[in-house]
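Here is the structure we will look at, set down as structure tokens.
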Amino acid sequence: MKLEEIIKPLLSWYEENKRDLPWRREPTPYHVWVSEIMLQQTRVEAVKGYYERFLTALPQIEDLAACPENKLLKLWEGLGYYNRVKNMQKAAKEIVLKYGGELPADYEEILELPGIGSYTAGAISSIAYGLKKPAVDGNVLRVLSRITENGEDILKQSVKRRVEQELEAVMPADRPGAFNQSLMELGAVVCIPNGMAKCQVCPVQHLCSARAHGTVLEYPKKAAKKQRRIEEKTVLLIQNGQEYAVCRRPDKGLLAGLYEFPNMDGWLTEEEVIRAVEALKLMPLHIKNAGEAKHIFSHVEWHMKGYVVRVASTEKRAGNLLFIDKKESKGKYPIPSAFSAYRKYIEED
DNA sequence: AATGCGGGGCA
DNA sequence: TGCCCAGCATT
């Protein structure tokens, strides 16, 4: 099978079957960029709402460059991988300074921007600028590994690099964006990752080696993942009248720069919690169990026990704690989904 | 080359 | 529960 045989059937199929997605309506470089960053390791359905809200709040690259960080993270709250949006703002500032507020129409220059790797650079180059550059993501690697029955580990960088070279050599110069999207679209709706691939409706089924041999479900091959570690935490919902305590996480590492409820490593007893609160120069009045919760990240699990602690204090700050008003703070502080089980304790009554 | 980085949907 | 998702940066 020659790789270029897939081009015509894929393009025809794509024109007939492509989904109506928000970022396909007006594919300006900025729009394509925002959508591609949001779509990194994130499903289309999860992105749709965020995409519309983000562009309504920040319609131009200049708006993104000038946005305060808390507002920026708030727009991303719940989407995950928060470095994506921080890098996007860094890039926006560079674009304003160096390129007059427009993304450069050049693959290598786009690739230099923070948060943009070969996939995203290829997607922007091909979809927004019509440049002949491949956009090889997980979908593309899966589809091609099945068509060619290639048993190499698609997580290896070397495999991705070779696929990029092979595609660039054969992809159509007149419709690079449609070609790239046709491969991804096929992976998303036909040659799907979980469950049964819909080979009966596949436009390249006659070219697919795995289909011919009944081995579709054996591809793609991937190396086994490392096991997650487990962390036990005690989460405090510290209430002082109409205010509750939050603190900002460090600038590096997990959930960097987001806000959280004060918490400590390990499971503390009520007595230990009382003493910990006193150590913060707060006077505990009452403590109540807030139950257990679990949150799973890709590389770690949090097993949390929560306590509601009512305190007496006139301080706005205690240590690195920040007491914020239940009403006034509404929508201001980005708090990750890991704490969603405990939000109800600090919402308005 | 290996690891860190979120969150949710689905088999 | 485990797997995967329109990946990238850092080490």
Side-chain angles (χ1 to χ4, degrees), chain A residues 14 18-19 21-24 27 31-51 73 76-88 90-91 110-124 126-128 134-143 153-161 164 177 179-189 191-197 217 220 222-229 249-258 260 294-302 334-341:
Chain A
Y14 180 64
K18 64 182 170 190
R19 291 168 291 177
L21 302 175
W23 43 91
R24 286 180 176 162
H31 292 175
V32 173
W33 178 32
V34 171
S35 70
E36 292 300 343
I37 298 295
M38 286 187 170
L39 285 163
Q40 289 170 6
Q41 298 296 103
T42 310
R43 294 165 195 280
V44 165
E45 286 309 313
V47 165
K48 284 181 179 172
Y50 283 91
Y51 174 81
L73 288 172
W76 212 266
E77 180 184 66
L79 200 52
Y81 288 151
Y82 299 91
N83 269 331
R84 290 185 291 179
V85 72
K86 295 179 191 173
N87 281 331
M88 201 161 50
K90 275 188 210 164
I110 294 172
L111 186 60
E112 288 301 307
L113 294 165
I116 296 184
S118 66
Y119 163 76
T120 305
I124 297 172
S126 63
I127 298 170
V136 176
D137 70 342
N139 284 314
V140 176
L141 290 168
R142 179 176 61 258
V143 167
D153 178 1
I154 63 164
L155 295 180
K156 291 170 90 79
Q157 293 179 1
S158 56
V159 173
K160 179 177 167 184
R161 273 199 302 272
E164 285 171 343
F179 175 69
N180 283 335
Q181 292 183 86
S182 73
L183 270 172
M184 293 189 276
E185 191 86 352
L186 188 76
V189 305
C191 199
I192 54 181
N194 313 316
M196 211 53 199
L217 290 181
K222 284 188 174 185
K225 293 199 174 169
K226 223 185 66 173
Q227 197 179 348
R228 280 191 294 267
R229 70 176 181 275
R249 291 180 60 83
D251 286 317
K252 289 187 181 298
L254 185 65
L255 304 171
L258 276 76
E260 64 183 355
K294 181 164 71 172
H295 188 81
I296 301 175
F297 300 93
S298 36
H299 59 300
V300 59
E301 290 185 30
W302 282 359
I335 297 178
S337 301
F339 296 95
S340 59

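The sequence lines fix the lettering, A, B, ..., with proteins before strands; numbering per chain opens at 1. Since the structure is predicted, the reported quantities are computational estimates derived from the model, not experimental observations.
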Whole-Å gap separating P (dT11(C)) and CG (N83(A)): 12 Å
Check every atom of dA2(B), dG6(B), dC8(C) against the side chain of K160(A) and return the nucleotide holding the closest atom. dC8(C)
Reading DNA chain B from 5' onward, which residue's closest nucleotide shows up sooner: K252(A) or S158(A)? S158(A)
Considering only atom C1', compute the distance from dC4(C) to dC5(B) and round it to an integer number of Å. 16 Å
Select one nucleotide: of dG7(B), dA1(B), dT1(C), the one nearest the side-chain heavy atoms of L255(A). dG7(B)
Assign each of L111(A) and P220(A) to its nearest nucleotide of DNA chain C by heavy atoms, then name whichever residue's nucleotide is nearer the 5' end. P220(A)
Of the listed dA6(C), dG7(B), dG7(C), the closest approach to the Q41(A) side chain comes from dG7(C)
Check ion pair K18(A)-E185(A) (N to O, under 4.0 angstrom): no
Check every atom of dC5(B), dA6(C), dG8(B) against the side chain of Y81(A) and return the nucleotide holding the closest atom. dC5(B)
If you only use heavy atoms from C-beta on, which nucleotide in dC5(C), dG7(C), dC5(B) is closest to the side chain of D137(A)? dG7(C)
Please pick, from dC5(C), dA6(C), dG7(B), the nucleotide with the shortest atom-to-atom distance to any side-chain atom of F297(A). dG7(B)
For R161(A), enumerate each residue passing the side chain to side chain donor-acceptor pair (under 3.5 Å) test, keeping only those at least two apart in sequence or located in another chain. none
What nucleotide, of dA2(B), dA6(C), dG2(C), holds the atom closest to the side chain of R19(A)? dA6(C)
On DNA chain C, more 5' by nearest nucleotide between E185(A) and K90(A) is E185(A)
L254(A) side chain, from C-beta outward: closest of dA1(B), dA6(C), dC5(B): dC5(B)
Would you please confirm or rule out a distance under 4.0 Å between OP1 or OP2 of dA9(C) and any side-chain N or O of R84(A)? no
Describe the nucleic acid contact of W76(A) in one word from base, sugar-phosphate, nothing, applying a heavy-atom distance below 4.0 Å. nothing
If I pick the P atom on dC8(C) and the same atom on dG8(B), what distance separates them, to the nearest angstrom? 22 Å
Look at all strands and tell whether K156(A) reaches a base, only sugar-phosphate, or nothing, counting heavy atoms closer than 4.0 Å. nothing
Of the candidate nucleotides dC8(C), dA6(C), dC5(B), which contains the atom at the shortest distance from the side chain of L39(A)? dA6(C)
Short side-chain N/O contact from Q40(A) to OP1 or OP2 of dG7(C), under 4.0 Å: no
Touch class at under 4.0 angstrom, heavy-atom based, for T120(A) against every strand present: sugar-phosphate
For the side chain of Q157(A), counting heavy atoms from C-beta on, which of dA1(B), dC5(C), dA6(C) is nearest? dA1(B)
Distance test, side-chain N/O of H299(A) to OP1/OP2 of dC5(B), below 4.0 Å: yes
Checking all strands, does L21(A) fall into the base, sugar-phosphate, or nothing category for heavy-atom contacts under 4.0 angstrom? base
Residues forming a side chain to side chain donor-acceptor pair (under 3.5 Å) with K48(A), sequence neighbours excluded: E45(A)
Quick one: does T42(A) reach the base of dG8(B) with a side-chain donor-acceptor pair under 3.5 Å? no
Is G253(A) touching bases, backbone alone, or none of the nucleic acid, heavy atoms closer than 4.0 Å? sugar-phosphate
Think K86(A) has a side-chain N or O under 4.0 angstrom from the OP1 or OP2 of dA9(C)? no
